[in-house]
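Presented below is the structure to which this report refers.
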Amino acid sequence: EMLMLPVPIFDRLDFELLGHGIELTCNQPGIPTDSSNLVCQAAESFAAKAEVTGGVRVHLEKFIPAEGGLGGGSSNAAATLLSLNKLHDQPLGQATLHELAAELGSDVPFFMQSQAAVAKGRGEIIEPVAPLEALDGKLEAARVAATVGDRKREAIEARAAELDIRVLNSRGYDDDDDAVEEEDKE
């Protein structure tokens, strides 16, 4: 079991229906725009399950750092499923969309909804929980894996500063706490 919280950092996806095919563009040159991207995989899964013959063009404005552990790819896959379902007049029910989400990745089902939830199994079983009063509408802290490069960490910290939240390292300390901890050891 794991408690998962939505964070106020997100990418933007713009959808345009086409006659055929799946086209993905992105503002970040390093992001794959082929079938290895979860957005394309979600569009392919949706089209197959809903028996949709038309295509889609998706433009991804990337704000969540890639491979930063914040669920950017998974949330984009979920957004693709939900958006295509809406654009095609809801051919798939929520249960079917949830199945497709689970096939795409363990945390994709979490992003099919927008509140804190307990994830069970490998992440496909989602049980929403009541809003957490301790957060009072803000994210208190976002853990950033130690493997996140300096440029990605700077981008996360800049966005966090805009949102008035603290960014913690992988051990759960902010940089100031680390400095204090090191001084105490001497």
Side-chain angles (χ1 to χ4, degrees), residues 1-15 21-52 55-88 90-129 132 139 141-149 152-153 155-156 159 167-168 170:
E1 289 185 10
M2 173 175 49
L3 177 63
M4 297 181 74
L5 304 171
V7 296
I9 303 171
F10 49 88
D11 295 337
R12 177 188 166 111
L13 292 102
D14 294 308
F15 297 85
I22 297 169
E23 298 177 18
L24 174 62
T25 59
C26 183
N27 68 322
Q28 298 281 328
I31 302 297
T33 56
D34 59 12
S35 63
S36 67
N37 190 297
L38 281 174
V39 168
C40 292
Q41 293 173 28
E44 290 168 5
S45 294
F46 176 84
K49 192 68 163 184
E51 299 178 354
V52 171
V56 65
R57 177 181 297 128
V58 182
H59 179 69
L60 169 59
E61 286 286 323
K62 197 83 180 114
F63 298 104
I64 298 173
E67 300 178 13
L70 298 175
S74 296
S75 62
N76 293 339
T80 299
L81 290 174
L82 293 168
S83 296
L84 290 177
N85 200 46
K86 185 174 182 178
L87 287 169
H88 288 284
Q90 314 286 340
L92 302 180
Q94 290 303 310
T96 303
L97 287 170
H98 187 86
E99 288 173 19
L100 291 177
E103 290 170 8
L104 290 166
S106 294
D107 58 348
V108 178
F110 169 73
F111 294 103
M112 298 294 287
Q113 51 93 54
S114 61
Q115 67 186 74
V118 173
K120 296 181 179 180
R122 62 177 185 82
E124 77 281 10
I125 303 166
I126 302 298
E127 296 177 359
V129 297
L132 304 173
L139 178 66
R143 291 187 185 273
V144 178
T147 58
V148 173
K152 290 179 185 174
R153 183 167 173 92
I156 292 170
R159 182 67 175 141
V167 176
L168 303 182
S170 61

So, taking the atom named [atom1] in [X] and the one named [atom2] in [Y], what distance separates them when rounded to the nearest 0.5 Å?
X: Leu60; Y: Leu38; atom1: CG; atom2: CG; answer: 11.0 Å
X: Phe63; Y: Gln28; atom1: CZ; atom2: CD; answer: 9.0 Å
X: His98; Y: Glu103; atom1: NE2; atom2: CD; answer: 10.5 Å
X: Leu24; Y: Gln41; atom1: CG; atom2: CD; answer: 11.0 Å
X: Leu81; Y: Ser45; atom1: CG; atom2: OG; answer: 7.0 Å

Those residues that, when tested against Glu99, pass side chain to side chain contact (heavy atoms under 4.5 Å, CB included) (two or more places apart) |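 Result, side chain to side chain contact (heavy atoms under 4.5 Å, CB included) vs Glu99: none returned.
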Least distance between heavy atoms, [X] atom then [Y] atom:
X: Gln90; Y: Lys86; answer: NE2-CA, 3.6 Å
X: Ala50; Y: Pro91; answer: CB-CG, 3.9 Å
X: Asn27; Y: Pro29; answer: O-CD, 3.6 Å
X: Ser36; Y: Pro32; answer: OG-CB, 3.5 Å
X: Ala43; Y: Thr80; answer: N-CG2, 3.8 Å
X: Val108; Y: Ala101; answer: CB-O, 3.4 Å

May I ask you to test the [X]-[Y] pair for a side-chain heavy-atom distance under 4.5 Å?
X: Ile31; Y: Asn37; value: yes
X: Glu61; Y: Leu13; value: no
X: Asn85; Y: Leu97; value: yes
X: Leu92; Y: Leu100; value: yes
X: Val58; Y: Ile22; value: no

Donor-acceptor pair, distance only, cut-off 3.5 Å: does the side chain of [X] make one with the backbone of [Y]?
X: Ser75; Y: Gly72; result: yes
X: Gln113; Y: Gln115; result: yes
X: Ser106; Y: Arg122; result: yes

Applied to residues 23-44, the salt bridge (charged side-chain N to carboxylate O under 4.0 Å, His left out) test, sequence neighbours excluded, yields Glu23-Arg57
Contacts of Glu51 that satisfy salt bridge (charged side-chain N to carboxylate O under 4.0 Å, His left out) - sequence neighbours left out = none
Any residue meeting salt bridge (charged side-chain N to carboxylate O under 4.0 Å, His left out) with Asp107, in chain and number order, not counting sequence neighbours = none
Residue list, ring-ring contact (aromatic ring centres under 6.0 Å, His included) with Phe46, at least two apart or on another chain = His88
Pairs touching residues 6-15 that satisfy side-chain hydrogen bond (donor to acceptor under 3.5 Å, both in side chains), sequence neighbours left out |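 Pairs touching residues 6-15 that pass the test: Asp11-Lys62, Asp11-Asn76, Arg12-Asp14.
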